[in-house]
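Some notes on the structure that comes next.
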Amino acid sequence: MSDAPLRLRFAPSPTGFFHVGGARTALYNWVLAKRLGGTFVLRIEDTDEARNSPEWTQGIIDALAWLEISADDPAFEGPYFQSRHRDAHIAAARKLFDTGQAYYCDLTSEQIAERAKASGVQGYDGSSRDRGLGPGPGHVLRFRVPDGETIVEDLVRGRVEFNNDTIEDFVLLRSNGSPMFLLANVVDDMDEKINLVIRAEEHLPNTPKQQLLWDALGEPPPQWAHVPVLVNEQRKKLSKRRDKVALEQYRDEGYVMGAMRNYLMTLGWAPAGDQEIVAWSQIEGEFTLDAVNRSPAFFDLKKLAAFNGEYIRMMSREEFAHAARPFVDAWFAANPQATMNESWLATMLPLLQTRIVTLAEVPAQIDFLFIGDPVIDDDSWAKAMKDPAPQVLADVISAYAQTPWNADALKDTLDAVGQTYGLKLGKTQAPIRVAVTGQRVGPPLFEPLELLGRDETIRRLQAAATRIASTR
RNA sequence: GCCCCCAUCGUCUAGUGGCCUAGGACACCACCCUUUCAAGGUGGCGGCACGGGUUCGAAUCCCGUUGGGGGUGCCA
């Protein structure tokens, strides 16, 4: 490798939501840029006019920022837009044509398919190579693949050999004159002085073609590193159609950045030691490409969830309250009849921190506090209100009329009632919990009772007693 | 079809010829703790795809088989 400063790039196309696979590739590029003092170039490959849309570009920038790949960081350069370099791509194409390394071809896709069918050999057969065609309507510019073999030295996969006979004369310029990916990508890498390309393995078959282009244009190719693809449970490449791949969606569902970032890094790589949940600083200090795995990795939602729960538990109370806030606010916005009580929220939040996996679960755990009547879950009701629950309920109502109103006393009083029926506390609290919260499971019970106060608690207990009476 | 890549518990991985009776994590199961549910603790289940070599010695090196994946566009 030369002594030139390390320049990496991440080159997504703005054709949809930001993909978790793209996020992993971006992270691998970013961590190396930070680790080695290199530059991370963001290049938006917006040359597919049919599928591009400007809003996706902002989505990419926002998603990267969420992962703390910040446009404000000195290591970050860009974004550059490939579409603005069209002239350079075309100039490179012209140079290849002028030097005899590319030629025009007027065959349509249909004609090529017919010839392939007739000859039994798939792909384009190079039949226009020596026809001396110039540019014109319906003419594409094709690269004249030289004889020999192309050897790709890959930092992850080692030496990969391709016989040039297996590489067809690929298209550089469409018949409308616009440059194609293979060319544009190389010319931009050249212009931006990229010397290490880290991308997904699906690009490995493109690499000999691109390396040939570098040679033909008279520049030494960059180093390559092809990282394994991310796959679904069927072990197929993650796809936007089939799989949940939008990074934004995970963020909106309450996955936290640290967990996502840490998890993504462990798909194909592992930090030293027995710990895989580690600080970003450790990852930055340890990551190397030769330690990256070569086989595809399954993007496992369960493990992501486990990481997320772990990261939530690692938060301080303040961090957790801050992180949960948008989800609480969203719930109140959707439930205008509910009344916010900041102090109650602050009391409950710490009780939730070990009980949720995503931040989006927060509102459902505490909503009963802020609405007039809890929404009774039928299944919970049926299970909790079996005998002797009605009698327990009645006894608790009268006992709670005079108990000192604090969580400890409420617990002791309830326990005492239960014992007269030979019940353990776990059983005794069930009907009370359902009466007050509507649910059989939830956060610890006595703290919210204390918050709700004697009147409201007894009102809810009585409502439950009435409901029992009316269904008998 | 052709080209290329890959192959350690169900999953993500550690392992770079002896430290491996293969380690960790997720998931799963059991027990403990416990006001429900979690969290936490303890323990358990479970793997080097197969067949040949090389070597005193192979999860590690070589070859083959099988299996999986990627590519094969006037998409990127």
Side-chain angles (χ1 to χ4, degrees), chain A residues 11-15 45-48 50-52 82 105 107-109 112 120-124 138-142 152 154 156-158 160-163 165-168 170-178 180-182 184-185 200-208 226 228-229 231 233-237 263 266-277 290-291 293-300 302-307 309-310 313 351-357 365 380 384 407 410-411 414-415 418 424-430 432-434 437 439-446:
Chain A
S13 55
T15 55
E45 302 218 329
D46 55 349
T47 52
D48 182 356
R51 293 198 299 156
N52 282 337
Q82 186 160 66
C105 170
L107 268 60
T108 63
S109 304
I112 291 168
V121 182
Q122 279 221 347
Y124 177 66
H139 295 194
V140 299
L141 183 70
R142 289 184 177 273
V152 172
D154 190 284
V156 171
R157 329 197 79 87
V160 186
E161 300 178 11
F162 297 85
N163 187 324
D165 291 348
T166 67
I167 304 172
E168 68 177 40
F170 52 92
V171 174
L172 265 15
L173 253 31
R174 297 183 183 89
S175 56
N176 68 4
S178 66
M180 286 200 54
F181 161 74
L182 257 6
N185 188 257
E201 190 195 348
E202 65 207 61
H203 287 291
L204 189 54
N206 290 146
T207 309
H226 289 89
V229 292
V231 298
E233 45 282 277
Q234 279 83 238
R235 305 221 59 93
K236 302 279 191 204
K237 191 172 72 161
Y263 177 63
T266 66
L267 258 20
W269 177 81
D274 279 346
Q275 205 68 27
E276 55 186 0
I277 293 191
D290 59 2
N293 253 306
R294 290 176 297 280
S295 41
F298 170 46
F299 185 79
D300 185 356
K302 282 191 174 169
K303 190 148 184 177
L304 204 215
F307 269 54
E310 192 75 30
R313 276 170 252 133
L351 302 175
L352 304 187
Q353 213 170 334
T354 61
R355 293 179 163 76
I356 57 164
V357 162
Q365 294 266 328
S380 293
L410 292 167
K411 176 184 169 188
L414 187 79
D415 198 17
K424 292 195 170 169
L425 188 51
K427 277 275 188 218
T428 316
Q429 56 95 45
I432 312 306
R433 176 182 293 280
V434 173
T437 73
Q439 296 283 338
R440 194 164 74 250
V441 301
L445 181 60
F446 303 104

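Residue numbering restarts at 1 for every chain, and letters A, B, ... go by the order of the sequence lines. All figures in this text were calculated on a predicted structure; none of them were measured in a lab.
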If you only use heavy atoms from C-beta on, which nucleotide in [options] is closest to the side chain of [X]?
{"X": "A:Val171", "options": "B:rC74, B:rG1, B:rC5", "result": "B:rC74"}
{"X": "A:Asp274", "options": "B:rG71, B:rG23, B:rC12", "result": "B:rG23"}
{"X": "A:Phe181", "options": "B:rU13, B:rC6, B:rA76", "result": "B:rA76"}
{"X": "A:Arg235", "options": "B:rA39, B:rG68, B:rC74", "result": "B:rG68"}
{"X": "A:Phe162", "options": "B:rG69, B:rC75, B:rC3", "result": "B:rC3"}
{"X": "A:Glu168", "options": "B:rU13, B:rC3, B:rG73", "result": "B:rG73"}
{"X": "A:Lys237", "options": "B:rC6, B:rC74, B:rG71", "result": "B:rG71"}
{"X": "A:Val160", "options": "B:rC74, B:rC5, B:rC6", "result": "B:rC5"}

Hey, does the side chain of [X] come within less than 4.0 Å of [N]'s phosphate (OP1/OP2), counting only N and O?
{"X": "A:Asn293", "N": "B:rA14", "result": "yes"}
{"X": "A:Arg313", "N": "B:rG40", "result": "yes"}
{"X": "A:Thr47", "N": "B:rA76", "result": "yes"}
{"X": "A:Arg157", "N": "B:rC4", "result": "no"}

Seminar exercise, completed: In 5'-to-3' order, the base (B), backbone-only (S) or no-contact (-) status of each nucleotide in nucleotides 26-37 of chain B, using a 4.0 angstrom heavy-atom cut-off, is SS-------BBB
Polar side-chain contact [X]-[N] base: donor and acceptor under 3.5 Å:
{"X": "A:Glu202", "N": "B:rG71", "answer": "no"}
{"X": "A:Ser13", "N": "B:rA76", "answer": "no"}
{"X": "A:Ser175", "N": "B:rC74", "answer": "yes"}

Problem set entry | Inter-nucleotide P distance (B:rG15, B:rU60), Å rounded |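 That atom pair is separated by 15 Å.
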For this session: Using the C1' atoms only, state how far B:rA22 lies from B:rA58, rounded to an integer number of Å.
Result: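 The same atom, C1', in both gives a distance of 13 Å.
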For this session: Please assess A:Asn176 against A:Arg174 for the test side chain to side chain contact (heavy atoms under 4.5 Å, CB included), listing each intermediate value before the final yes or no.
Result: CA-CA 5 Å; A:Asn176 68 4; A:Arg174 297 183 183 89; 3.4 Å; yes
Problem set entry | Atom-to-atom span, CD of A:Glu233 to C1' of B:rG69 - whole angstrom |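 Interatomic distance, CD of A:Glu233 to C1' of B:rG69: 15 Å.
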Problem set entry | Length of the line joining A:Gln234:CD and B:rG70:P, which is rounded to integer Å |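 So the CD-P distance, A:Gln234 to B:rG70, works out to 12 Å.
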For this session: Look at all strands and tell whether A:Ala430 reaches a base, only sugar-phosphate, or nothing, counting heavy atoms closer than 4.0 Å.
Result: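 No contact.
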Any strand counts, and the cut-off is 3.5 Å on both contacts for Watson-Crick or G-U wobble. Which nucleotide pairs with [N]?
{"N": "B:rA27", "result": "none"}
{"N": "B:rA76", "result": "none"}
{"N": "B:rA7", "result": "B:rU66"}
{"N": "B:rC2", "result": "B:rG71"}

For this session: For residues A:Tyr124 and A:Phe170, establish whether the separation of their ring centroids is below 6.0 Å.
Result: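 No.
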For this session: Check whether any side-chain heavy atom of A:Ile277 lies under 4.5 Å from a side-chain heavy atom of A:Phe307, and answer yes or no.
Result: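 Side-chain contact under 4.5 Å: yes.
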